[in-house]
Amino acid sequence: MSKSAYEIDQNQKKIERYVVVAWVDNEAGVLARVSGLFSGRGYNIESLAVSEVDHDRKISRITIATLGTQAVVKQIQAQVLKLVPVHKVNIYPINDETIFRELALVKFLGEGKVLETAKQICIDNKCQFLDKTSKSFIVQALGRRTEIDDFIKKIKVLGQVSISRTGALAMKKGSETVKDNKGQVL
Amino acid sequence: MGNQLTGAEIVFKALNDHGVECIFGYPGGAVLPLYDEISKQKKIKHFLVRHEQGAGHAAEGYARSSGKPGVVLVTSGPGATNMVTALTDAYMDSVPLVCITGQVPTHLIGTDAFQECDTTGITRPCTKHNWLVKDVNNLAEVMHKAFDVAMSGRPGPVLIDIPKDIQFQKGIYKSADEVQTKIIRPKVKVETTGIEKAVELITKSKKPIIYSGGGVINAGKKAADALTEFTRVTNFPITSTLQGLGAFPGSDPQFLGMLGMHGTYEANNAMHECDLMINVGARFDDRITGRVDAFSPNSKKIHIDIDPSSINKIVKVDIAIVGDCLTVLTDVLTTLKNKHSKFCNSNKENISNWWQQINKWRQKKSLSYKFDEKLIMPQYAVERLYELTKNQDAFITTEVGQHQMWAAQFYKFNKPNRWMTSGGLGTMGYGLPAAIGTQVANPGKLVVDIAGEASILMNIQEMSTAVQYKLPIKIFILNNQWMGMVRQWQELLHEKNYSESYTEALPDFVKLAEAYGAIGIRASNPKELDEKINEMIEVDRPVIFDCMVKKDENCFPMIPSGKPHNEMILGPEDEEGITEEGKVLV
């Protein structure tokens with residue numbers, strides 16, 4: 001819901017984080033349609049992850065982390081579903097029912113003792129080492145957003161870092177799946 | 001394998017398959033192969049406009065007065081960007097348009113070529129969907145899908161961008177049947193229990209009101225009939241949005257007039273005080289609700305809408321029924337008749353107190369105005385126009401502003417598809433081209449554009465189109481020399497600082513009409529008005545009627561921005577009380 005200028009009621013305004021997952025036809029411009037809808041209607045995009053997940057059916061899965069009230073997120077779902085290339089839209093609140101994962105690549109620059117201390121933090125955080133030199137290393141950190149935030153906070157104070165992060169991915173726990181109109185698992 | 005056709009041939013074959021009889025357009029470099037094809041076929045008539053925006057609004061007028069999709073054809077670059085206003089207008093008011101644009105050849109896309117623009121990028125937020133066709137073998141499929149998307153669900157505009165080389169290339173034509181099955185549309189869950197619950201509320205209500213909107217018009221003549229039957233069976237009072245006028249007969253005593261910012265006292269108070277609101281095909285637009293947190297505070301709300309995203313967008317409702325107005329109303333009527341025949345026979349008494357209250361509000365006569373002996377009052381002009389045209393099946397379009405609201409208040413529509421006005425986007429310059437499209441769709445009928453002198457100048461060039469095709473549209477200008485609604489807001493909200501709202505150098509509209517080869521008529525005295533209006537109606541040529549009206553008349557009633565329904569301004573005597581908060585709102 002774009003904020004109505006007439007909306008004065010504050011009771012329904014509890015803002016929370018949600019993850020919106022949309023299954024879309026992988027065609028030119030589809031990401032622009034979805035992201036343009038968010039910017040055009042004043043919805044927030046905290047992070048975004050998108051890739052083709054079914055090559056035969058040419059279906060991509062777009063995962064958007066957003067902030068909003070419950071009503072706003074329901075509006076987002078209804079609006080995104082109206083787009084022609086969109087097949088399904090699910091909303092996942094941040095809770096234990098759903099698995100969330102993000103990935104970060106972190107390049108650390110430093111020498112001697114500092115480099116060793118930084119490496120130890122990475123080992124403690126179960127990061128995977130992808131590259132090492134005498135002045136730097138690159139690790140891959142995997143986990144929930146808050147876990148990666150914490151890890152980056154710790155290592156950032158030791159020296160210079162270059163960070164690349166993905167958006168969140170989300171999947172509901174259990175055997176339940178999302179199906180398209182023909183009953184095929186998405 | 002079918003025959004190989006050129007892209008241009010495929011486009012026209014598809015248009016034929018979809019029953020298109022006419023298109024509105026303007027040629028240019030990137031659509032020349034399509035224009036070549038136009039002259040080689042005879043089934044589809046092309047109307048040459050004078051500006052692409054005019055083509056868009058003409059197609060809108062055609063669509064809204066006929067129930068069929070409007071089709072436009074324009075060139076790349078400026079042709080496409082000039083269409084953006086019309087596409088956005090159609091998107092806001094749910095009008096089905098199929099817009100075909102030319103594009104630079106595929107190998108030049110992205111090179112800043114002459115008359116290149118990112119048409120699909122620019123029109124993405126103002127169409128239901130758009131396509132850039134890069135393979136001629138996809139063209140037929142895209143054409144069929146385009147009509148399907150434009151007409152299905154909540155109707156709206158679509159755009160097909162066709163590079164010039166694709167128009168020349170040969171490819172295979174597929175019929176609509178061959179591709180239709182490929183469209184996967186997400187299923188919308190319909191609450192089947194909604195009908196039962198709604199009927200229960202309907203039978204128990206003591207203070208009900210029906211609030212109907214453009215969705216009923218879009219659902220077709222039968223939906224309007226169903227709405228009328230539902231209103232008669234229940235004996236409920238009914239009000240309508242701007243776009244919904246005509247779905248229920250405007251001259252019927254059960255009709256309370258339009259609601260909202262310039263709605264009647266009885267309609268707005270009934271909305272505020274009701275215990276049950278039945279929204280049929282309307283979207284709780286801000287012109288309707290006023291201040292949302294004070295909107296109809298004590299009512300249960302039923303919302304019937306085909307667009308799931310309209311539900312709970314602005315106003316939270318108790319029962320939402322997603323579906324076509326005709327289907328839902330038919331279901332409601334069947335349930336009422338089968339299970340509640342007693343209610344159907346006795347409801348007049350059940351809600352007689354409510355009708356008494358409504359009649360008290362009616363006695364306020366909120367649309368009344370002071371008649372003037374010497375000056376034509378704008379309200380009087382519309383009243384006379386209505387009285388002198390009501391016996392023929394007239395079609396009315398408007399521009400945007402005070403004249404539009406007076407037309408909505410004083411012209412009574414008894415049938416759907418007779419009223420074409422730009423509501424959502426509020427596009428000045430809409431009415432003249434819309435009248436052209438309406439006249440094309442309804443030859444032999446009287447089509448009047450009730451206009452303002454400022455709005456009409458925004459697309460005045462289309463007079464040339466009307467003259468060329470001998471379309472006898474009537475442009476009825478309520479000429480007060482001010483941008484009336486701007487002036488009114490400046491008076492009420494900006495301490496009478498009339499900044500830039502007066503037009504110093506207006507053309508002589510009679511001479512202007514004559515310059516275009518049309519007829520010009522002027523009236524400046526109430527005594528001559530009827531005679532001049534009759535003269536306008538009788539002439540079988542385009543007419544510009546310059547109706548000189550009182551200059552500083554305001555449009556009342558008015559709910560000032562930021563106020564609830566029960567705090568209306570009824571006339572000049574209660575013009576105070578607009579808050580600072582309200583001034584920021586539009």
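The sequence lines fix the lettering, A, B, ..., with proteins before strands; numbering per chain opens at 1.
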So what's closer than 4.5 Å to chain A heavy atoms on [X]: side chain, backbone, both or neither?
| X | answer |
| --- | --- |
| B:Asp307 | side chain |
| B:Lys128 | backbone |
| B:Ile311 | backbone |

Parallel, tilted or perpendicular: rings of A:Phe108 and A:Phe137 (30°, 60°): parallel

Member of B:Asp305, B:Ile304, B:Ile306, B:Asn218 meeting the side-chain contact (heavy atoms from CB on, under 4.5 Å) criterion with B:Asp324: B:Ile306

Polar contact flag, side-chain donor to acceptor under 3.5 angstrom, B:Ser94-B:Arg154: yes

Side-chain (B:Ser76) to main-chain (B:Glu116) donor-acceptor, under 3.5 angstrom: no

Heavy-atom pair count under 4.5 Å with chain A, highest-scoring of B:Ser309, B:Gly153, B:Ala294: B:Ser309

Proximal component of A:Gln77, with respect to chain B [non-hydrogen, under 4.5 Å]: neither

From B:Thr120, B:Thr81, B:Asp161, residue fulfilling side-chain hydrogen bond (donor to acceptor under 3.5 Å, both in side chains) relative to B:Thr101: B:Asp161

